[in-house]
Amino acid sequence: MSQSSPAPVQQGAGQSGLAMKKRNPLGAWLGLPIITLGIYGLVWYFKINKEMKKFDNRREVSPGVALLAITFGSFILVPPFVSYYKTGKRIAETQRAAGLQPTCSPIVGLLLMLVFGFGVYYMQAELNKVVATYGEAAPGTPIALRG
């Protein structure tokens, strides 16, 4: 059984994507990771990258590779830093696609990840700005991109 992937959105055509989920930044950063002994942090990272891919499929995003980079890639030391930086860039691009002025800084996100993982709070707060621009759109519902 083969899964069909959504057709790529053409530049200039009515670009659309799927709405993302609003998450509590404090819960994503501290609450749920403590309760799940850190597992939620990995789940969160995979989910936000997957949601950004579905939000704007014009961009190449591999949530699995992003997750592997911060887990097994940590043995090489460099991949987690690259992955966190690229995720920060994706968030800024997602903000732009939502018609917002990008406020997410990949460097700030990366540096905050080094300070008690505070980058999770920062990145989720930046993603919530995108969610807020679409009001009450339920996660996964089709929305029109604005940028």
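A side-chain donor-acceptor contact under 3.5 Å links Thr87 and Tyr45.
Checked by atom type and distance alone, the side chain of Ser105 pairs as donor or acceptor with a backbone atom of Val108 at under 3.5 Å. No donor-acceptor pair under 3.5 Å is formed between the side chain of Ser16 and the backbone N or O of Pro142.
The residue from Lys47, Lys54, Lys53 that alone fulfils the side-chain contact (heavy atoms from CB on, under 4.5 Å) condition with Lys50 is Lys54. For the side chain to side chain donor-acceptor pair (under 3.5 Å) criterion with Thr94, the lone passing option out of Lys89, Glu51, Arg59 is Arg59.
Summarising the geometry, atom CZ belonging to Arg146 is positioned 7.5 Å from atom CD1 belonging to Ile143; distances are rounded to the nearest 0.5 Å. Taking CG of Leu18 as the start and CE of Met52 as the end, the distance is 14.5 Å to the nearest 0.5 Å. The structure places OG of Ser83 at 6.5 Å from CG of Asn49, a figure rounded to the nearest 0.5 Å. In this structure, the separation between OH on Tyr84 and CG on Leu110 is 9.5 Å, given to the nearest 0.5 Å. To the nearest 0.5 Å, the span separating SG on Cys104 from CD on Glu93 amounts to 10.5 Å.
Between Phe81 and Leu114, the closest side-chain pair of non-hydrogen atoms falls below 4.5 Å.
A pairwise comparison of heavy atoms in Ser74 and Pro80 identifies CA-CG, 3.6 Å as the closest pair. Here the shortest heavy-atom pairing between Met123 and Gly88 reads CE-N, 4.1 Å. Contact record, Tyr134 with Leu145: OH-CA, 3.7 Å, taken as the closest heavy-atom pair.
Applying the side-chain hydrogen bond (donor to acceptor under 3.5 Å, both in side chains) definition to pairs two or more places apart or across chains, those involving residues 106-133 are Trp44-Gln124, Gln95-Glu126, Thr103-Glu126, Thr103-Lys129, Gln124-Asn128, Glu126-Lys129.
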